[in-house]
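Data block below; observations after.
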Amino acid sequence: MRIRRTLPPAAAPIFFKDIVSGLKGIMRGQKELDRFESEIKVYYKVKHCFLLSSGKAALTVILKALHRHSPEKDTVLIPAFTCFSVPSAIIRAGLKIKLCDMDSETLDFNFKELKLKLTDPSILAIIPTHLFGLPANIPKLKTVCTKNDVFLIEDAAQAMGGTDGNKKLGTIGDIGFFSLGRGKGFSTVEGGIIITNHDKIARQIKGIVDSLPDYSRFETLKLILFSIVLSVFMLPSFFWFPKSLPFLKLGETIFDTGFSIKRLTPFQAGLAKNWKNKLHWFSTIRQDNCEHWFGFFERRQKIGGKNPLFRFGAKKKILIRFPVYIDNSLTFKKVLKKSNQIGAGIMGTYPGSINTIKALKDCFAGQNYPVAESLAQKLVTLPVHPFVSAADQLKVIRLFNVEKESR
Ligand SMILES: *Cc1c(COP(=O)(O)O)cnc(C)c1O
């Protein structure tokens with residue numbers, strides 16, 4: 001066990017002040033939820049907003065609503081490399097999954113393959129991901145989707161506060177959703193947001209949301225306690241402790257369809273009281289840190305033969321983690337192991353592509369997604385959150401430099 005400064009791979013700090021706002025939120029009840037909802041609507045210039053218990057809960061509700069709107073369609077097309085919560089939500093909504101491979105240079109869909117796959121008449125919706133905050137090419141998707149009468153759901157779980165040109169991520173497709181989970185743009189312990197301008201779909205969503213349960217008192221109490229625990233143990237000085245407890249499964253991505261689907265609590269809305277300032281402040285720091293990592297890899301050129309992410313134009317982006325390719329599998333393992341020892345916050349991405357999830361194996365028998373599969377084995381991420389100090393940056397840089405020399 002390492003009892004020393006340890007960086008979490010991603011973090012959206014929760015402060016004591018936020019917890020006090022959360023408790024005040026409980027007193028204000030529905031009014032607090034209405035405030036948060038209307039602030040989101042104004043900020044994103046959207047007509048409809050719904051607040052839920054998580055990103056996957058939000059996605060499940062969206063999918064159920066779309067299926068009610070178009071009951072003859074039952075399949076959802078997603079990238080073969082994305083968060084395991086996405087297929088979890090699709091299965092939970094009672095729908096089928098279809099995969100499309102990736103473009104290794106953009107982390108977006110392979111558009112050639114996508115165009116062929118989208119002609120399947122059973123496809124209800126497509127879910128592009130703004131992975132790590134890198135904008136997926138939604139405008140390009142939009143034309144293909146309109147042609148095939150497919151709904152476009154923007155997975156902006158990792159991209160709250162990000163933009164593509166002058167458009168806010170989450171508002172470009174038909175429907176967008178965000179996550180307020182631990183390692184996301186900003187956090188209310190857990191939570192999810194749906195935004196849309198589509199009146200008909202919003203009506204279906206409202207029907208579903210109105211029938212959802214609220215958190216019980218006991219569950220709200222657990223949230224409060226957890227927010228206090230998080231506010232302390234996400235700090236680099238204390239993060240070694242939760243990290244050393246294997247049952248917390250920190251950073252593990254699991255496929256699980258048994259999650260709860262509830263409405264957000266007034267406590268969480270209260271935690272989000274200062275969200276615009278926080279998001280702006282975190283985003284500025286993340287952007288600076290991205291620029292720093294970008295500069296380092298640009299000067300240093302290569303690791304394992306291929307340039308890392310300059311091709312993504314990640315220089316001035318607001319990312320929640322900074323992705324870097326490591327082509328050599330030995331170097332990949334060494335970097336992660338070293339980082340673990342020195343607490344540098346470098347981390348792999350997902351344990352595999354979606355077709356390799358054990359519980360879903362039968363759905364994708366005989367199908368291969370080579371780019372998605374290789375991304376899972378080659379991508380690591382560097383931390384960019386507000387806790388990253390100059391000394392931490394040096395630690396990471398030294399780690400990469402040593403790796404280069406020893407090769
Ligand atoms: C985190 C995440 C989700 C799910 O959000 P939760 O709030 O954790 O349920 C969905 N998609 C992506 C890309 C994510 O990173």
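Remember, it's 1-based here, ligands and their atoms both numbered in the order they're listed. Sequence positions, counted from 1, serve as the residue numbers for this chain.
Distances below 4.0 Å separate heavy atoms of Thr129 from the following atoms of ligand 1: 13 (C). Near Val86, the atoms of ligand 1 lying under 4.0 angstrom from a non-hydrogen atom of the residue are 11 (N). Listed by number with element, the atoms of ligand 1 under 4.0 Å from a non-hydrogen atom of Ser54 are 7 (O), 9 (O). Near Ser179, with a cut-off below 4.0 Å to any heavy atom, the atoms of ligand 1 are 5 (O), 6 (P), 7 (O), 8 (O).
In terms of protein heavy atoms, atom 11 (N) of ligand 1 is closest to Asp155 OD2, 2.7 Å. Given atom 9 (O) of ligand 1, the protein heavy atom at minimum distance is Lys56 N, 2.8 Å.
With a 4.0 Å cut-off on non-hydrogen atoms, Gln158 touches ligand 1 through its side chain and not its backbone. Residue contacts with ligand 1 for Leu180 are absent, since no atom lies close enough (heavy atoms, distance under 4.0 Å).
Partners of Glu32 according to the salt bridge (Lys or Arg N to Asp or Glu O under 4.0 Å) rule, which considers only residues two or more places apart in sequence or in another chain, are Arg28, Arg35.
For the pair Lys278 and Asp18, the salt-bridge criterion is met [side-chain N within less than 4.0 Å of a carboxylate O]. Ion pair Asp256/Lys56 not flagged as a salt bridge, since none of the NZ, NE, NH1 or NH2 atoms sits closer than 4.0 Å to an Asp/Glu carboxylate oxygen.
For Tyr325 and Phe332, the ring centers are positioned 6.0 Å apart or more.
A distance of 8.5 Å separates OG in Ser122 from NZ in Lys73, rounded to the nearest 0.5 Å.
Distances from atom 3 (C) of ligand 1 to the heavy atoms of Pro79, Ala157, Gly191, Ser187 show the closest one on Ala157.
Contact analysis puts Lys184 in contact with ligand 1, with a non-hydrogen atom separation below 4.0 angstrom.
Ring-plane geometry between Phe282 and Phe15 is classed as tilted, the angle between the planes lying from 30 to 60 degrees on a 0 to 90 degree scale.
For residues 195-208, the set of pairs meeting the salt bridge (charged side-chain N to carboxylate O under 4.0 Å, His left out) definition, not counting sequence neighbours, comprises Lys47-Asp199, Lys206-Asp210.
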